[in-house]
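Computed over heavy atoms, backbone and side chain alike; hydrogens, waters and symmetry mates excluded. Residue numbers begin at 1 in each chain, while the letters A, B, ... track the order of the sequences.
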4 protein chains.
Amino acid sequence: MGEGSDGGVVVPRTGHHGNRHGRSQRARQAVLEAVDDLLVERGFAGVTIEGIAARAGVAKQTIYRWWPSKVDILMDAFVDDMAQHLTPPDQGDLESELRTHLSRLADFLTRTDPGAVFRALAGQAQHDPDMAARFRAECLSQQRVLDSLPLRRAVERGDLPADLDLDLAVDQLVGPIYYRVLVTGQPVPPAFTDALVDRFLTRRD
Amino acid sequence: MGEGSDGGVVVPRTGHHGNRHGRSQRARQAVLEAVDDLLVERGFAGVTIEGIAARAGVAKQTIYRWWPSKVDILMDAFVDDMAQHLTPPDQGDLESELRTHLSRLADFLTRTDPGAVFRALAGQAQHDPDMAARFRAECLSQQRVLDSLPLRRAVERGDLPADLDLDLAVDQLVGPIYYRVLVTGQPVPPAFTDALVDRFLTRRD
Amino acid sequence: MGEGSDGGVVVPRTGHHGNRHGRSQRARQAVLEAVDDLLVERGFAGVTIEGIAARAGVAKQTIYRWWPSKVDILMDAFVDDMAQHLTPPDQGDLESELRTHLSRLADFLTRTDPGAVFRALAGQAQHDPDMAARFRAECLSQQRVLDSLPLRRAVERGDLPADLDLDLAVDQLVGPIYYRVLVTGQPVPPAFTDALVDRFLTRRD
Amino acid sequence: MGEGSDGGVVVPRTGHHGNRHGRSQRARQAVLEAVDDLLVERGFAGVTIEGIAARAGVAKQTIYRWWPSKVDILMDAFVDDMAQHLTPPDQGDLESELRTHLSRLADFLTRTDPGAVFRALAGQAQHDPDMAARFRAECLSQQRVLDSLPLRRAVERGDLPADLDLDLAVDQLVGPIYYRVLVTGQPVPPAFTDALVDRFLTRRD
DNA sequence: TTTTAAACGAGACGGTACGTCCTGTCTTGCT
DNA sequence: AGCAAGACAGGACGTACCGTCTCGTTTAAAA
């Protein structure tokens, strides 16, 4: 689904009201802000197309023209936010990078507004396979790349074996975090993420 | 939410139409079956109180009398099913028990109808904190006990140290499974669950 | 259209909110009053289902449950009003009765609120053959009977020949009135209706 | 509303897309044909500005530039057609001329496409006083002149008294026809129009 | 037995949001 | 300057469910 994120490509200059050169940037931004605000203020059930339209000062039809559903609006809003967070720093040291990244991930998922959007999207994905596919393609695949970055750097450095099963390793590292966030609701403190890193590295000795 | 699961206690004998002493078992069963059917056939969005009532041949009011919401009906239906599956067998051997239990869990979550109910409930829990609390209290806590059973038995047998952090261990073992099921949508074959067990046990040597 | 006007038959007693004994009289009355008010205040285009619902304090669904369209609501309202007016008095004298009836008819059509409803319905009938058929069956046929009443009484009295073409005679008498009301928009003063009566009776001498 | 009918005066040459020399005749014709087609095919409710624009291959703005509303387009289309029909022939004989004219009028109103347009316009006039005024000024006044033509010729010939109330006479002759067409929906056969003429002339003997 | 009160089926009610359609206005680039 | 194209804010449409509320019936414990 590209219409949400490529508005800047289509529109050459202005964000005025309707014209033949594509969508209004003003409307797009207003919608994305409105959807974020509504989700945080009223929860997922409080996010309605009518509510977004009213809050953004936009016509419903304008929303339907560019987004197939409210979750696609949320995904659009999420993509804008996600890249800003969660790019693991290159510290030259696997353990440090993993500790930093996992604790940041836990914080992002549990404490930030985009994290709340993520949880809502992950929730909705359970109800709608098509949406789940879009969610994975647009949001999760990028995230997955970032999650594996410390490991791939360590492999390049020779700190991890070249035949490491990356998929499995990433699942082991971040799986328990998502499990706590999405299933048990337990807190995910640094002590927990550090322990995950410890046990992941220990067995390699 | 207790009224859903204790109906059998209140009703003395029959499940015919109105009576002055407790709820109709006929109605309860019809509702639980209808909700399961609808979820599997039409997905979570296709589960509506009106639809359940029509399918079960029951009045809406009867549903509202006994369940606060459609997710509570689903939880009621889920509880009935869950216990049947997923009780790990006592095989006297940690590795075997873990392999068996984790692969059964993966199968339950991804391939069975109650698994679909679970995913729907887990999804809805992301949108509704109150419901999430009920979900954890009624469904997950039991499951959590079962998940830790092989480890606790191993501790009793002396195969695992007494000071083992059970919570962390369970999270490491089942977290990646739930992560695949709820987030990435990747399949969860026995090869994957076996690998989880391997790596969990390896470092103990 | 019968569901609108036979509510009193179906509902045995109360006008409370929903019950199994048919529709709420309170809602029905509120809708009919709202539709009349809106037509007079804002014209036909200002009559909307949403506006009626809001004004009557009624849910849209309740309106759709009982009336197929807004014109059917207007017809229902019109039927209630029409009978009150326009029953020609029995004065024992053809000329007097005709003069009275035609001038009353003209006044009804041009100066009263139900007359405005009639004009709106007659207008809509031009756009919708099905509605036109309902309109004729429910509203006009009764009116037609009243219009011919003075002539039929005169025939009974022997003041008019028994083989009089009633249809033609009524068309000649009231046709020009409706023509002015619906087509030319000219006023229809008593001088005009009296002249119609004169010319109708003159040729019989 | 004059902009619709004087286009031919302004445009000097072509009807291509945008040009700097007044309106496009191509667009005007396409719109008038589209509106006629749509009215006949889908009825008045099926006539929308968007539909006309799509069918005529014309931009909505072009329509709004030249016509204030869809009924004005219909009036424009109607004026073109009306003059062609309904000019009563000069037969030198009042009765013949009246018989011919009234039966042609009845046929025009009930059986022709322009007649359908007329009925739609007359219907809409009931809902919109401003439009009714335009309708009378642009369409009906001409028609009224034609309707009275046989009578005026007869007065000139001395076949009718010079002090004849022309308005009343015309109303008596055509009123019943319009009444049947617009109100009762009864057919208007020659037998009916002939009877109207008979009775109109009889009383003069 | 007869009474009687709780639970039942049915379904109308006031609402909210849905997704669609059309309105009339606007801006742009082409002819 | 007029045009085709089409995005825009707005608003009504008719539908689907929500959760609440009578109704009149069914039922079995209490009287």
Pairwise distance CZ(Arg134(C)) to CG(Asp128(C)) - rounded to 0.5 angstrom: 6.5 Å
Taking the minimum atom-to-atom distance to the side chain of Trp66(A), which one of dA7(F), dG14(E), dC13(E) wins? dA7(F)
Using the six-membered ring wherever Trp is involved, compare the ring planes of His127(A) and Phe44(B) and label them parallel, tilted or perpendicular (cut-offs 30° and 60°). parallel
Report yes or no: is the cationic atom of Arg28(C) (NZ for Lys, CZ for Arg) closer than 6.0 Å to the six-membered ring centre of Trp66(C), at no more than 45° off its axis? no
Whichever of Lys60(A) and Ser69(D) has the more 5' nearest nucleotide on DNA chain E, that residue is Lys60(A)
Could you tell me whether the phosphate oxygens of dT27(F), OP1 or OP2, come under 4.0 Å of any side-chain nitrogen or oxygen in Arg26(B)? no
Nucleotide nearest Ala27(B) (side chain, heavy atoms from C-beta), chosen from dC8(E), dG14(E), dC3(F): dC8(E)
Would you give the length of the straight line joining atom CG of Asp72(B) to atom CG of Asp76(B), rounded to the nearest 0.5 angstrom? 8.0 Å
Take the protein atom CD of Gln25(B) and the nucleotide atom P of dT26(F), then report the distance between them rounded to whole Å. 22 Å
Any residue meeting side chain to side chain contact (heavy atoms under 4.5 Å, CB included) with Arg55(D), in chain and number order, not counting sequence neighbours: Ala34(D), Asp37(D), Leu38(D), Glu41(D), Arg42(D)
Nearest-Å distance, OH (Tyr64(B)) to P (dT22(F))? 17 Å
Starting at CD1 of Ile63(A) and ending at P of dT20(E), how long is that distance when rounded to a whole Å? 13 Å
Could you give the distance from CG (Leu32(C)) to CZ (Phe78(C)), rounded to the nearest 0.5 Å? 13.5 Å
Tell me which nucleotide among dA4(F), dA9(F), dC8(F) gets nearest to the side chain of Ala59(A). dA9(F)
Does Arg28(D) place a side-chain N or O at less than 4.0 Å from the phosphate oxygens OP1/OP2 of dC3(F)? no
What is the distance from atom CE of Met131(C) to atom NZ of Lys70(C), rounded to the nearest 0.5 Å? 11.0 Å
Nearest-Å distance, CD1 (Ile73(A)) to C1' (dG19(E))? 13 Å
With a 4.0 Å limit, can you tell me whether Arg65(A) has a side-chain N or O closer than that to the phosphate oxygens OP1/OP2 of dC8(F)? yes
Under 4.0 Å between a side-chain N or O of Thr62(C) and OP1 or OP2 of dG14(E)? yes
5' priority, DNA chain F, between Gln61(D) and Lys70(B) [closest heavy atom]: Gln61(D)
Got a sec? Which of residues 42-55 of chain C come in under 4.0 Å of DNA chain F, heavy atoms? Thr48(C), Ile49(C), Glu50(C)
